[in-house]
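Contents: one structure, followed by commentary.
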Amino acid sequence: GGVSFDLQAVSSAENNADYTLRFSVAGRALLSKQKELFALLAEILTQTRFDDVKRLKDIIAEEKTGWDNQLFAMGQKIVSSRLLSYFSPVSRLNEQGVLRYYRFLASISKLDEAGVRDLGVKLSQVAQQLFCQKDVYVSLCTDEAALPMLRQTAATLLDQLPATSGAFNQYVLAGDGVRNEAILTAGQVQFVAAGGNFKTAGFSYTGALRVLDTIMRYDYLWSRIRVQGGAYGAYTQIDRNGNCLFGSYRDPNVSETLD
């Protein structure tokens, strides 16, 4: 049924500066194949080779090509993540996986063979720090009768991971100090957003904001940005941790929308 990987910072509901960084590994399979699934996960986490320079270059090129093809279609995500990164620590960390990641891909795609080899060494070091028994959470989803067997199989996976390593106790958030910016593309329409954190302005989250979200999205913004302005659409985002933004996508206007 597939194996997937994800890296995400998740904040507490009340404070966007209080967050946890998680690298997630997920897979699903028929119960009769659960041992094979866990064996495959163990092989990926403990035996992946990072010293095959040709293969690593191919993966980097493939990843960058995918981003090249999708970048403009991701305009709403890019603009929203960049905006939130200005004032939200958790969003600043997550933005490292969006536009900043694309720029990182562009830089490593130009590396020569020696550079790719050095990159492989660094990736290997990161994997050794991440994939260990320290701070591991295991989530199993199955019927109750099969749970003991799955727990036993999951334990065999954990036993194959090193007990501990030089875990990431600190990490530095890259930032360029930008607070307002325009990202130029070859497109003829824009993705526009503005926002902030209402908790830093002294307000608290209540259920009334869900009502406000609906009014803003479907009455005010829809009428003015789509119906009057000709954009494909408009959206709002109001989070419990105080982060909020208003935006448009595939929009022929910029200044009018911001006004």
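One-based numbering along the sequence shown.
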Trp222 side chain reached by Val227 side chain, heavy atoms, under 4.5 Å: yes

Heavy-atom check, side chain of Leu221 versus side chain of Tyr235, under 4.5 Å: no

Gap between atom CD of Gln160 and atom CZ of Phe131 - 0.5 Å precision: 14.0 Å

Any donor-acceptor N/O pair, Arg100 side chain to Glu95 backbone, under 3.5 Å: no

Backbone N/O of Thr65 and side chain of Asn69: donor-acceptor pair under 3.5 Å: yes

Lys64 atom NZ: more than 12 heavy-atom contacts under 6.0 Å: yes

Non-hydrogen atoms of Leu258 and Ala193 that approach each other most closely: CD2-O, 4.3 Å

Cation-aromatic face contact Arg226/Tyr232, 6.0 Å, 45 degrees: yes

From CA spacing to verdict: side-chain hydrogen bond (donor to acceptor under 3.5 Å, both in side chains), Asp68, Tyr102: CA-CA 9 Å; Asp68 286 338; Tyr102 173 71; 2.6 Å; yes

Glu256 backbone acceptor or donor facing Asn253 side chain under 3.5 Å: no

Thr153 versus Gln34, side-chain donor and acceptor atoms under 3.5 Å: yes

Any donor-acceptor pair under 3.5 Å from Ser124 side chain to Val121 backbone: no

Side chain Arg28, main chain Gly1, donor-acceptor under 3.5 Å: yes

Test applied, side chain to side chain contact (heavy atoms under 4.5 Å, CB included); reference residue, Phe23; option that passes from Leu7, Asp6, Val126: Leu7

Pro89 side chain near Asn16 side chain, heavy-atom distance below 4.5 Å: yes

